[in-house]
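A quick write-up on the structure given underneath.
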Amino acid sequence: QVQLVESGGGLAQAGDSLSLSCTASKHTFQYVNMAWFRQVPGKELEFVAAINWSGNSTYYADSVKGRFTISRDSAKNTVYLHMNSLKFEDTAVYYCALRPSTVLVASPLLYDYWGQGAQVTVSS
């Protein structure tokens, strides 16, 4: 069982920056893709960004492209989400997810392990 622990987030004003991090417990998977999703109460889980096992391939939702950056430190089993130029509509609970695979995907159904969620609130 892999555990994901998230940290960061919080309250920001529109235009500000925030960062999230997510550290995975030790595991034996050789290839691990990681991603960030977000959810607003009453709405479905929304894909934000994903990064492949080596860190050389990333994939972003159109809504955050150019503003958010996903990165990872494989030695620390940690993935980061740096959020710039925040907008009110970025307000959500952000979840990190892990998928033992070499194929980068955006569907939450294909991720096996999830963090507990971190609140990001952007005031307009």
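- Between T69 and L81, every side-chain heavy-atom pair lies at or beyond the 4.5 Å cut-off.
- Using a 4.0 Å cut-off between charged side-chain N and carboxylate O, D90 and K87 make no salt bridge.
- Residues S7 and S21 approach most closely at OG-OG, 2.6 Å, considering heavy atoms.
- For the pair S71 and H82, the tightest heavy-atom approach, listed with the atom from each and the gap, is OG-NE2, 3.8 Å.
- Between M83 and L20, some side-chain heavy-atom pair lies under the 4.5 Å cut-off.
- Here OG of S25 is found 7.0 Å from CG of L4. Values are rounded to the nearest 0.5 Å.
- More than 12 heavy atoms of other shown residues, nucleotides or ligands fall within 6.0 angstrom of atom CD in E89.
- To the nearest 0.5 Å, atom SG of residue C22 and atom CD of residue Q3 are 11.5 Å apart.
- The CG atom of N84 sits 8.5 Å away from atom CZ of F68, with the distance rounded to the nearest 0.5 Å.
- Neither I51 nor Y80 shares a network with the other; the hydrophobic side chains, linked directly or stepwise wherever heavy atoms of I, L, V, M, F, W or Y lie under 4.5 Å apart, form separate groups for each.
- Within a 6.0 Å radius of CD in Q13, no more than 12 heavy atoms belonging to other residues, nucleotides or ligands are found.
- Between the N33 side chain and the R99 main chain, no donor and acceptor come within less than 3.5 Å of each other.
- Remark: D16 CG to S123 OG distance equals 7.5 Å, nearest 0.5 Å.
- Between F37 and F47, the ring planes are perpendicular. Angles over 60° get that label, and only those under 30° would be called parallel.
- Nearest heavy atoms, E6 versus Y95: OE2-CA, 3.3 Å.
- V103 and W53 are not part of a single hydrophobic cluster, where members link through side-chain heavy atoms under 4.5 Å apart.
- A heavy-atom distance below 4.5 Å is not found between the side chains of V93 and R38.
- Using a 4.5 Å heavy-atom cutoff, the side chains of L98 and D112 are not in contact.
- A pairwise comparison of heavy atoms in F29 and V2 identifies CE1-CG2, 3.6 Å as the closest pair.
- In this structure the side chain of T91 never reaches within 4.5 angstrom of the side chain of V120, judged on heavy atoms.
- Residues Y59 and N52 have side chains not in contact (no heavy-atom distance under 4.5 Å, counting atoms from C-beta outward).
- Using a 4.5 Å cut-off on side-chain heavy atoms (C-beta onward), Y113 and Q1 make contact.
- Closest heavy-atom contact between L104 and A50: CD1-CB, 3.9 Å.
- Residue R67 holds its CZ atom at 12.0 Å from OH of Y60, rounded to the nearest 0.5 Å.
- Linking ILVMFWY side-chain heavy atoms closer than 4.5 Å, directly or via other members, places V5 and Y94 in two distinct hydrophobic clusters.
- Between the OH atom of Y31 and the OG atom of S54 there is a distance of 10.0 Å, given to the nearest 0.5 Å.
- Shortest non-hydrogen contact noted between V32 and H27 is CG2-CE1, 3.3 Å.
- With a 4.5 Å cut-off on side-chain heavy atoms, R72 and M34 count as touching.
- For the residue pair T78/T23, the side-chain donor-acceptor check at 3.5 Å is satisfied.
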